[in-house]
Amino acid sequence: MRINLGYVAMSTIIKDCSPSKTVTVKSLEKIEDKEAKLFKLRSIAKANIQNTQRLFYHNKAHDIKVYRLTSKLIPLATHSITDEWDWFEDVRDDLKSLGEYAKENRFRISAHPDHFTLLNSPREEVLSASLKDLEYHYKVFKGMELDSSAKLVLHIGGGYKNKDKAIERFVSNFKALPQHLKNIIILENDDKTYTALEVLNICKKLKVPMVLDIHHHWCNNNGEDLLDLLEEIFETWMHESVPPKIHISSPKDDKSFRSHADDIEAKALLKFLNKAKVLDADFDAMIEAKNKDRALLNLMKDLSTVPEVKIIDQATIEY
DNA sequence: ACCTGTCAAGTCTGG
DNA sequence: CCAGACTTGACAGGT
């Protein structure tokens with residue numbers, strides 16, 4: 001099986017290349033002139049897109065084909081303070097050429113809205129803010145002219161002291177989403193509330209792909225063996241044009257087991273690969289480590305000494 | 001150039 | 001009902 005590694009949002013290798021620059025509400029409020037305000041926002045947005053383009057060049061140079069966009073590409077995009085700002089119009093051309101490059105190189109692009117984006121909140125205002133945030137992400141993809149292989153990764157949300165009810169709410173709110181959002185949302189197990197098995201069942205019901213997070217599974221499970229779930233998890237991707245995606249991170253230490261370590265422990269990953277190999281399925285693996293792309297390259301280096309691992313390119317292995 | 005408190009957003013726990 | 005933890009890159013103000 002072939003595994004493509006990717007990383008999240010920013011580089012620890014390329015300096016001064018943040019795609020997530022922003023401005024605080026307070027300092028934006030201090031700017032009196034409306035045009036100056038817009039200029040500030042526009043400049044930041046364009047710089048973020050430009051830096052994302054630089055990351056794309058870097059990714060290409062390192063054979064990295066799997067990448068998660070920052071959710072902060074457009075500063076304060078869903079905050080009411082920017083209601084007057086037509087950001088899409090301002091960065092239309094920038095997004096378009098960014099997307100062209102991504103498509104030319106067959107990058108597999110995803111995004112992961114922040115933990116405030118909750119489809120199962122009982123609070124109306126939380127749900128509507130979440131919808132706004134989902135539409136914002138969709139618009140970025142749309143501006144890049146990506147098709148529905150570009151995905152939005154979401155968690156199920158809070159437990160609200162009644163998980164069954166919370167799942168019901170998730171399902172009915174999901175069903176009520178506009179089709180263009182349903183097409184791109186994929187669901188991930190989390191480290192505290194919704195286990196891989198629970199998310200798998202929801203994914204099967206809603207017919208959406210599931211992202212398996214291995215680290216989250218270690219944190220939050222009811223004793224299920226991943227191998228028993230893996231085939232069905234990968235099956236949720238059956239109708240997609242891209243391979244299944246998993247998330248990989250290593251615990252920081254025993255004390256903060258849920259936190260992400262700087263790098264990825266090759267040993268634990270190999271254990272998973274050894275289990276998964278019976279399925280012989282290709283998949284994408286998103287590296288979630290503090291060292292970001294550096295952690296990816298470090299992991300590749302560690303894997304290169306393992307006899308069962310065949311190095312295909314700088315970010316791809318066969319096992 | 002470097003340091004530190006603060007930042008749009010939610011949920012959960014404990015008081 | 002409210003404060004603090006969670007978690008995290010970047011800002012902003014200060015040295």
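Everything numeric here is computed off the predicted structure, so don't read it as measured data. Throughout, a chain's letter reflects where its sequence line sits, starting with A, and its residues are numbered from 1.
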A.B. asks: Without decimals, in angstroms, what is the distance between A/Asp191 CG and C/dC6 P?
C.D. replies: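 About 13 Å, once rounded to whole Å.
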
A.B. asks: Quick check on the 6.0 Å ring-centre criterion: do A/Tyr194 and A/His155 meet it?
C.D. replies: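 No, too far apart.
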
A.B. asks: With C1' as the reference atom in both, quote the distance from C/dG9 to B/dC12 in angstrom, rounded to an integer.
C.D. replies: 24 Å

A.B. asks: Closer than 4.0 Å, any side-chain N/O of A/Ser18 to the OP1 or OP2 of C/dA10?
C.D. replies: yes

A.B. asks: Taking any heavy-atom pair under 4.0 Å as a contact, classify A/Lys290: base, sugar-phosphate, or nothing.
C.D. replies: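 Sugar-phosphate contact only.
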
A.B. asks: What integer distance in Å separates A/Asn51:CG from C/dG9:P?
C.D. replies: 16 Å

A.B. asks: Rounded to whole angstrom, note down the P distance from C/dT8 over to B/dA1.
C.D. replies: 29 Å

A.B. asks: What pairs with A/Ser20 under side chain to side chain donor-acceptor pair (under 3.5 Å), at least two apart in sequence or on another chain?
C.D. replies: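 For A/Ser20, the residues satisfying side chain to side chain donor-acceptor pair (under 3.5 Å) (neighbours in sequence not counted) are A/Thr70.
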
A.B. asks: Let me know the distance between CG of A/Asp114 and P of C/dT8, rounded to the nearest Å.
C.D. replies: 11 Å

A.B. asks: What's the closest nucleotide to the A/Leu118 side chain, out of B/dC7, B/dT11, C/dA10?
C.D. replies: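 Of B/dC7, B/dT11, C/dA10, B/dT11 is nearest to the side chain of A/Leu118.
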
A.B. asks: After noting the C-alpha distance and the side-chain angles of A/His58 and A/Asp293, does the key distance pass the side chain to side chain donor-acceptor pair (under 3.5 Å) rule?
C.D. replies: CA-CA 10 Å; A/His58 166 68; A/Asp293 52 340; 2.8 Å; yes

A.B. asks: Closest approach to the side chain of A/Val126, judged atom by atom: which nucleotide of C/dA10, B/dA9, B/dG10 is it?
C.D. replies: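 Output: B/dG10.
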
A.B. asks: When clusters are formed by joining ILVMFWY residues with side-chain heavy atoms under 4.5 Å apart, either directly or through shared neighbours, do A/Ile264 and A/Tyr7 land in the same one?
C.D. replies: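 Yes, one cluster joins them.
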
A.B. asks: Does A/Thr22 make a side-chain N or O approach to OP1 or OP2 of C/dC11 shorter than 4.0 Å?
C.D. replies: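 No, outside the criterion.
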
A.B. asks: Provide the distance between the two P atoms, one in B/dA8 and one in C/dC1, to the nearest whole Å.
C.D. replies: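 It works out to 25 Å between them.
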
A.B. asks: Mind checking whether A/Phe170 and A/Phe174 have parallel, tilted or perpendicular rings, split at 30° and 60°?
C.D. replies: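 Because their plane-to-plane angle is under 30°, the rings of A/Phe170 and A/Phe174 count as parallel.
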
A.B. asks: Find the distance A/Arg169:CZ to B/dT11:P and express it as a whole number of Å.
C.D. replies: 10 Å

A.B. asks: Choosing from B/dG10, B/dT11, B/dA8, which nucleotide comes nearest the side chain of A/Phe116?
C.D. replies: B/dG10

A.B. asks: Find out whether the Lys NZ or Arg CZ of A/Lys139 is both under 6.0 angstrom from the six-membered ring centre of A/Trp87 and within 45° of the ring's axis.
C.D. replies: yes

A.B. asks: Establish, for the pair A/Arg169 and A/Tyr160, whether the NZ or CZ atom is under 6.0 angstrom from the six-membered ring centre and no further than 45 degrees off its axis.
C.D. replies: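 A/Arg169 over A/Tyr160 ring: yes.
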
A.B. asks: Determine the contact category for A/Lys30: base if any of its heavy atoms lies under 4.0 Å from a base atom, sugar-phosphate if only primed atoms, P, OP1 or OP2 are that close, otherwise nothing.
C.D. replies: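 Answer is sugar-phosphate: A/Lys30 comes under 4.0 Å of backbone atoms only.
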
A.B. asks: Taking the side chain of A/Leu76 as its heavy atoms from C-beta onward, which of B/dG10, C/dA12, B/dA8 lies nearest to it?
C.D. replies: B/dA8

A.B. asks: Write down the distance separating the C1' atoms in B/dC2 and C/dT7, rounded off to the nearest Å.
C.D. replies: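 Straight-line distance between the two C1' atoms is 23 Å.
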
A.B. asks: Measure CD1/A/Ile31 against P/C/dC11 and give the value in whole Å, please.
C.D. replies: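 Taking atom P of C/dC11 as the reference, CD1 of A/Ile31 is at 14 Å.
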
A.B. asks: Which nucleotide wins on minimum distance to the side chain of A/Val23, given the candidates B/dT11, C/dA12, B/dA8?
C.D. replies: C/dA12

A.B. asks: For C/dG4 and B/dG5, measure between their P atoms and round to the nearest Å.
C.D. replies: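 One P to the other, the span is 15 Å.
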
A.B. asks: Return the value, rounded to whole Å, for the distance between atom CG of A/Asn220 and atom P of B/dC12.
C.D. replies: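 Rounding to the nearest Å, CG of A/Asn220 and P of B/dC12 are 13 Å apart.
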
A.B. asks: Please round to the nearest 0.5 Å and tell me the distance separating atom CG of A/Leu134 and atom OG1 of A/Thr78.
C.D. replies: 10.5 Å

A.B. asks: Check the angle between the aromatic planes of A/Phe283 and A/Phe234 and answer parallel, tilted or perpendicular using the 30° and 60° thresholds.
C.D. replies: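 Rings of A/Phe283 and A/Phe234: tilted, 30 to 60°.
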
A.B. asks: Test A/Asp284 against every option in A/Arg108, A/Arg2, A/Arg68 by the salt bridge (Lys or Arg N to Asp or Glu O under 4.0 Å) rule and name the one that passes.
C.D. replies: A/Arg108

A.B. asks: OP1, OP2 of C/dA12 versus side-chain N and O of A/Lys21: anything below 4.0 Å?
C.D. replies: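 Looking at the OP1 and OP2 atoms of C/dA12, neither is under 4.0 Å from any side-chain N or O of A/Lys21.
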
A.B. asks: Among B/dT11, C/dT8, C/dA10, which nucleotide sits nearest the side chain of A/His260?
C.D. replies: C/dT8

A.B. asks: Pick base, sugar-phosphate or nothing for A/Gly157, based on heavy-atom distances below 4.0 Å to the nucleic acid.
C.D. replies: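 The answer is nothing, as A/Gly157 stays clear of every strand by at least 4.0 Å.
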
A.B. asks: Whole angstrom is fine here: how far is it from NZ in A/Lys255 over to P in C/dT7?
C.D. replies: 13 Å

A.B. asks: Tell me the interatomic distance from A/Ile156, atom CD1, to B/dT11, atom P, rounded to whole angstroms.
C.D. replies: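 Whole-Å distance recorded here is 15 Å.
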
A.B. asks: With a 4.0 Å heavy-atom cut-off, tell me which residues in residues 42-49 of chain A come close to DNA chain B, sorted by residue number.
C.D. replies: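 Per residue number, the list is empty: none.
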
A.B. asks: Can you tell whether the side chains of A/Glu240 and A/Lys151 come within less than 4.0 Å, N to carboxylate O?
C.D. replies: yes

A.B. asks: Determine the stems involving DNA chain C; a stem requires 3 or more consecutive pairs of the Watson-Crick or G-U wobble kind, each with both distances below 3.5 Å, and the answer is none if no such run exists.
C.D. replies: B:1-7 with C:9-15, B:10-15 with C:1-6

A.B. asks: A/Met10 side chain: which of B/dT11, C/dG9, C/dC11 is closest?
C.D. replies: C/dG9

A.B. asks: Check for me, please, whether A/Ile156 and A/Leu229 land in the same ILVMFWY cluster - side-chain distances under 4.5 Å, paths through other members count.
C.D. replies: yes

A.B. asks: It should be established whether A/Ser121 places a side-chain nitrogen or oxygen under 4.0 Å from OP1 or OP2 of nucleotide B/dT11.
C.D. replies: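 So the side-chain polar atoms of A/Ser121 do come within 4.0 Å of the phosphate oxygens OP1 or OP2 of B/dT11, strictly under.
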
A.B. asks: Using only side-chain N and O atoms of A/Thr24, determine if any of them is under 4.0 Å from OP1 or OP2 of C/dA12.
C.D. replies: yes

